[in-house]
Amino acid sequence: MKKGIVIAMLLMLAAGSLVWAQTMTITYWQYFYESKVKLMDELIKMFEQQNPGIKVEQVTFPYESYNQKVAASIPAGEGPDIINLFYGWLPMYVKAGYLQELPPNEFTKAYFEKNYYKFVAESVDFNGKYYAAPTAVRTLALLWNKKLFREAGLDPEKPPRTLDELAAYARKLSKYDGQGNLVQAGLAMQPTGQGHNWIREVLFRQFGNEPYSADYRKVTYADDKGIAAFRWYTDLIVKDKVGYPNFATDDVTAFRSGKAAMNIDGSFRIATLNAIKDLEWGAAELPSHNGVKSNYASYWTHAIVAGVSGKKLEASVKFLKFITSPEVQELWLKNVGELPASPALAAKYKDNPVYAPFFNGLAYAHASQFVDEAGQRTILVDAVDKVWLKKVDPAVALREAAAAEQKLIDDFWKK
Amino acid sequence: MTLKARKAFTAYAFLLIPLVFFLTVRFGPMLYMLAMSFTNWSLMRKVPAFVGFSNYLKVLNDPVFLQSLGNTARYAIFGAPLVIVVSFLIALMLDAIPRGKSIFRLIYVLPYITPVVAVSWVWRWMYQPPPIGVINGVLGALGLPAGEFLNSTTQALPSILVVNVWVELGYCTTIFLAGLQTIPREMMEAAQIDGANARQILLKITIPLLNPVILFLTVMEGIQFLRIFTQVYNMSMQAMGGPLNSTKSAALYIYQKAFMYFEMAQAAAASLILFVIIMSITLLQLRFFDKNLSY
Amino acid sequence: MEKVPVRQHGHAKRKLPVTILAAYVMLGLLSVIMIFPFVWMLLSSLKDATQIFKLRFLPEAPTLDNYRYILSSTSKFPQWFKNSVIVALCTTASVLFFDSLVGYALSKFSFPGKKLIFLLIVSTLMIPTEMLVIPWYAMARAMKWVNTYWGIMFPGMISAFGVFLMRQFMQTLPDDLIDAARVDGMGELRIFLTIVLPLVRPALATLAIFNFIGNWNAFLWPLIAASKPKMFTLPVGLANFSGEAGSDWHYIMTGAAVAMAPLILVFLLFQKQIVRGIAMTGLKG
């Protein structure tokens, strides 16, 4: 008996030291978004239990400086093994050689076709090589404040369904003080937030324009239809005065604090908004126009950094597979509010009042293929600013934006 | 060892570490930057290559850089004289009052010692449009139209400039006050006996005697405003120096080139251009005041 | 009220009371402008997330919850506070030691190259920090100093301005004392530490206060040198407070108040030295 215990203990010790000897730490980076960071801590615990010998360290950075920190650290060799990147940054990093191709035997074309939406597969594919895989995707929806709807005499359960209705509702929901200053925005107008995406992938298309060529290398939004769409947007600021950029700091702050009655925002906001007391809100599919529905999809995706090899690479791939698994995708939806990247899960949420509008949007969403997300965002933001701050004609502002963006794209591919 | 040799040896020993420091942390980096400004060094490129003057050409042909230089000039041209004139007037008033001098001075110096980041956010909060900004709240209560402040291409730069004036005011006032107190009393009294009025005393005695102080402050504040960064970074949307680059200073442009667009070499070139500008302006100021001093 | 204030200037003495009164009114109004942002910050820090968006001078229901949150371990503020203290204290200690050492060597010793060395050091004052962050960053990366305290501190370990200040001050010291100690056979470093330093205490105090303030408030370099939130200093942390999920103004105002608190304390304790220090020179950045 005693002998048995001793042997067992010795064995355990040996096994323990074996595990200890093999323990290796891989590092995962993402930006700081409270619900994501908390969930990732949980996921890491689960993963470590399933995979003794692998430890995962999570490091987070503020959203504002994330891209900068990533670019500064990876070339210096101080980067992580697995990294969470906005999909719009991928081209820049892939081109610079800072990411490695996911193991082609596991991440095949068939794998992506089976497990991901089409727009995902398209935007992580660089000349037939796949560089990243996401857990979740996001779409836009119209968020509205039910209490403010009631106050304005609108049915709090009936959000606007078309752009014309949206504009009419926004006008009704706007409030001004004695001097004509806006004190409650009918609709938050924030191009620096999701506004530029709404214009780029939704409004242009709804007015009959095709904003880019199929490979996103030609900017084609500055035609009459695109201009009409852009003018419709800027008129809400300039003519209808239902909102303006930076009103109450920004759209999210304005909507959260009840200073804006409606906002166009992403599914990732669900958890944030649910945490706020006394905020009665709903989400609806983006209003359609001329019978056209469109949406903007985007995602943060996990990639493996160049130079990671051997056992570390194996562990990183394991971790990557784990955090993109269907189980994790469901947890992600529950805790963060981002939608599963796999179409297989969508059917389950068809009737969920909060999630359904976002899921429905996925069916007809577009993911712009940015070459320089920050630069391209700034160009549209500046175009809107020119119209409302400098009284430039929307047609002129949009043509200038198209020219500037075309130059940016050309420069990127030329180099 | 003679005493002289021992002293020299001691001095060198004392100076060794500091000299190494100044050479490696001040002069070395300057030369390094000069060298790198002729390459295409970028965080997104592993091996830089020599590219001649192309970074300088790129930067000088970038309308945003030229705009940021223009903004920087505006900060300095309006900011530095404003803070000097106002603080001089305050110092004259403080010098004239019999009591309460130190408590007023204390209040004026307070913004100077507090973190610029913190005060920038406080001002940004106060500048908000109606219905949440307190300044617009006061304007509204007085029946005045709301100001656009940071949400305007014309008002944003002055709004940020005012904050920097507010910060620097106490510093300049204190120095002026110290300068005023060095003026010999007898001189003033003699002038008064000669029948000079207050204005004449100010123009003929006080200002000329304070010339070195004015020179010092002009140089210091000129540089201070030419370097403006923290306020702009913290008071513009997403730290972009907007709206429409209307508040972007040269220092912020350099920061963005380097750490947002990762074009280190272009940022180095822009830095050196700004450095040359600051140096030349400082030297010009020194010469200008030198001439005026020896009339 | 028998005694007339000693420091009274000629042109002030015979001014009409009306002018004096006007000066008081002006100075009083200006004081309001100078102090109002601080008042507003404090009042805002006592409002919760809802109240802060209602424009009211006084909070309806003042609460200390924001402070509780900011100072709790769920917020990163305590860590940033600690980082700021470490950075400001270490650089100040180093500056005090090295700057007085250099000032001493440059004022009380004669040796070949003295003038050149002085000019060399003082000329670095012409190079503003903003110009050097790029090469410093390259250096910090090459030496793996990014995200370390040393990385944040190294550019400020010795200050050219302090050298200038200490040299001016040391020149007024009598040589006899130092020579006497030398005759007594005291070592040079001991002379510096036990005889010279105590004599320049006022200058050291000024330098210490200004250096502490300058490093506590520094923004640009710490913003670049620290990329992990764990290593942020207070100003950098504060600047990163508002992010993708909107701006928590009630926390920003509270954070600003907390970041200012130690400085206001230092200021109230050492106001005389600070005012004298500014008058002597004025150091910032």
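Quick caveat: nothing in here was measured; it's all calculated off a predicted structure. A note on names: the letters A, B, ... follow the listed sequences, proteins ahead of strands, and every chain is numbered from 1.
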Applying salt bridge (Lys or Arg N to Asp or Glu O under 4.0 Å) to C:Asp175 and not counting sequence neighbours gives C:Lys108
Taking every non-hydrogen pair under 4.5 Å, which of [options] racks up the most with chain B?
{"options": "C:Val236, C:Ile274, C:Leu223", "value": "C:Leu223"}
{"options": "C:Ala256, C:Ser31, C:Gly113", "value": "C:Ser31"}
{"options": "C:Trp40, C:Phe36, C:Phe57", "value": "C:Trp40"}

Quick check for you: to the nearest 0.5 Å, what is the distance between [X] atom [atom1] and [Y] atom [atom2]?
{"X": "C:Phe111", "Y": "B:Lys7", "atom1": "CZ", "atom2": "NZ", "result": "11.0 Å"}
{"X": "B:Thr10", "Y": "C:Phe109", "atom1": "OG1", "atom2": "CZ", "result": "5.0 Å"}
{"X": "B:Thr24", "Y": "C:Trp136", "atom1": "OG1", "atom2": "CH2", "result": "11.0 Å"}
{"X": "C:Ile127", "Y": "B:Phe22", "atom1": "CD1", "atom2": "CZ", "result": "10.0 Å"}
{"X": "C:Met34", "Y": "B:Phe104", "atom1": "CE", "atom2": "CZ", "result": "12.5 Å"}
{"X": "C:Ser123", "Y": "B:Arg26", "atom1": "OG", "atom2": "CZ", "result": "10.5 Å"}

Would you mind checking which part of [X] comes under 4.5 Å of any heavy atom in chain B, side chain (CB onward), backbone (N, CA, C, O), both or neither?
{"X": "C:Phe219", "value": "side chain"}
{"X": "C:Leu30", "value": "both"}
{"X": "C:Ile224", "value": "side chain"}
{"X": "C:Phe154", "value": "both"}
{"X": "C:Leu238", "value": "both"}
{"X": "C:Ala160", "value": "both"}
{"X": "C:Pro262", "value": "neither"}
{"X": "C:Met126", "value": "both"}
{"X": "C:Met139", "value": "side chain"}

Contact class of [X] relative to chain C, heavy atoms under 4.5 angstrom:
{"X": "B:Val119", "answer": "both"}
{"X": "B:Leu272", "answer": "neither"}
{"X": "B:Ile107", "answer": "both"}
{"X": "B:Leu169", "answer": "side chain"}
{"X": "B:Phe275", "answer": "both"}
{"X": "B:Tyr108", "answer": "both"}
{"X": "B:Gln238", "answer": "neither"}
{"X": "B:Met30", "answer": "both"}
{"X": "B:Trp123", "answer": "side chain"}
{"X": "B:Ile278", "answer": "side chain"}
{"X": "B:Pro18", "answer": "both"}
{"X": "B:Ala258", "answer": "side chain"}
{"X": "B:Phe176", "answer": "neither"}

Closest non-hydrogen atoms of B:Ala251 and C:Glu130, given as atom of the first, atom of the second and distance, are CB-CG, 4.1 Å
C:Ala239 and B:Asn234 have their tightest heavy-atom pair at CB-OD1, 3.2 Å
Step by step, work out the ring pair (Phe, Tyr, Trp, His ring centres under 6.0 Å) result for C:Tyr137 and B:Phe259.
CA-CA 10 Å; C:Tyr137 178 70; B:Phe259 300 103; 5.1 Å; yes
Test: C:Glu188 and B:Arg6 ion pair at under 4.0 Å: yes
Worksheet entry | Parallel, tilted or perpendicular: rings of C:Tyr104 and B:Phe14 (30°, 60°) | tilted
Begin with the C-alpha distance, continue with both residues' side-chain angles, and end with the deciding distance and a verdict on side-chain contact (heavy atoms from CB on, under 4.5 Å) for B:Ile254 and C:Ile134.
CA-CA 9 Å; B:Ile254 292 165; C:Ile134 292 166; 3.8 Å; yes
- Please walk me through it: do B:Thr114 and C:Phe38 pass side-chain contact (heavy atoms from CB on, under 4.5 Å)? CA-CA 10 Å; B:Thr114 45; C:Phe38 298 108; 3.8 Å; yes
Please check this pair: side chain of [X] against backbone of [Y], looking for a donor-acceptor N/O pair closer than 3.5 Å.
{"X": "C:Asn217", "Y": "B:Ile113", "value": "yes"}
{"X": "B:Trp125", "Y": "C:Trp249", "value": "no"}
{"X": "B:Arg227", "Y": "C:Met131", "value": "no"}

Choice from [options] maximising heavy atom contacts with chain C below 4.5 Å:
{"options": "B:Ile132, B:Leu106, B:Ile90", "result": "B:Leu106"}
{"options": "B:Met33, B:Gln128, B:Met187", "result": "B:Met33"}
{"options": "B:Val134, B:Asn136, B:Leu15", "result": "B:Val134"}
{"options": "B:Pro29, B:Gly28, B:Ser271", "result": "B:Pro29"}
{"options": "B:Phe27, B:Tyr32, B:Trp166", "result": "B:Trp166"}

Within the 4.5 Å heavy-atom criterion, are [X] and [Y] side-chain neighbours or not?
{"X": "B:Pro115", "Y": "C:Leu263", "answer": "yes"}
{"X": "B:Arg105", "Y": "C:Gln271", "answer": "no"}
{"X": "C:Leu120", "Y": "B:Leu19", "answer": "yes"}

- prompt: With a cut-off of 6.0 Å (strictly less than), are more than 12 heavy atoms of other residues, nucleotides or ligands near CG of C:Leu55?
  reply: yes
Q | Trace of the side-chain contact (heavy atoms from CB on, under 4.5 Å) decision for C:Ile264 with B:Leu110 | A | CA-CA 8 Å; C:Ile264 301 211; B:Leu110 198 56; 4.2 Å; yes
